[in-house]
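For reference, the structure is listed below as structure tokens.
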Amino acid sequence: MACPITILMVCPKARTAKWAAAPIRTSLPGYTLTCQVIGPDQIPAVTHPAEAAAHPELAALSVMAHGEHPPVMEAFVAAL
């Protein structure tokens with residue numbers, strides 16, 4: 001029985017996301033691994049505490065990707 005597999009890579013840096021999105025050749029005949037990648041370009045910067053509180057999972061990803069921006073960190077902390 002075949003079981004499809006998807007690998008999701010969450011990358012806080014755009015350079016790493018670009019690298020992770022490239023197909024990986026394997027030693028298996030006819031198989032190339034291609035991961036699904038979410039990088040900072042796909043994650044919005046959540047800057048409003050109400051939005052961060054309503055969507056804590058998105059707020060956590062936003063901090064991971066955009067935490068160097070004070071409004072993102074402030075919204076996340078306020079939502080906690």
From Glu51 atom CD to Leu58 atom CG, the distance as rounded to the nearest 0.5 Å: 6.5 Å
Shortest non-hydrogen separation from Ala2 to Pro4 and the atoms involved: O-CD, 3.9 Å
Shared hydrophobic cluster, Leu80 / Leu61 (ILVMFWY, side-chain heavy atoms < 4.5 Å): no
Same apolar cluster: Ile24 and Met9, side chain cutoff 4.5 Å: yes
Check: Ile43 main-chain N/O paired with His66 side-chain donor or acceptor under 3.5 Å: yes
Backbone of Val46 reached by a side-chain donor or acceptor of Ser62 within 3.5 Å: yes
Nearest atoms (heavy-atom pairs only) where Ala21 meets Thr34: O-CG2, 4.4 Å
For Ala52 against Ala75, the heavy-atom pair lying closest together: CB-O, 3.7 Å
Same apolar cluster: Val37 and Ile5, side chain cutoff 4.5 Å: yes
NE2 (His48) with more than 12 external heavy atoms under 6.0 Å: no
Atom of Gly39, atom of Ala17 and distance for their closest heavy-atom approach: CA-CB, 3.8 Å
Joint hydrophobic cluster, Val63 plus Val77, side-chain heavy atoms closer than 4.5 Å: yes
Flag side-chain contact, heavy atom, 4.5 Å: His69 against Pro71: yes
Rounded distance [0.5 Å steps], CD1 in Ile38 versus CE in Met64: 8.5 Å
Check: Thr32 main-chain N/O paired with Thr26 side-chain donor or acceptor under 3.5 Å: no
Shortest non-hydrogen contact from Ala14 toward Pro40: N-CG, 3.5 Å
Exceeds 12 heavy-atom contacts within 6.0 angstrom, atom CD of Gln42: yes
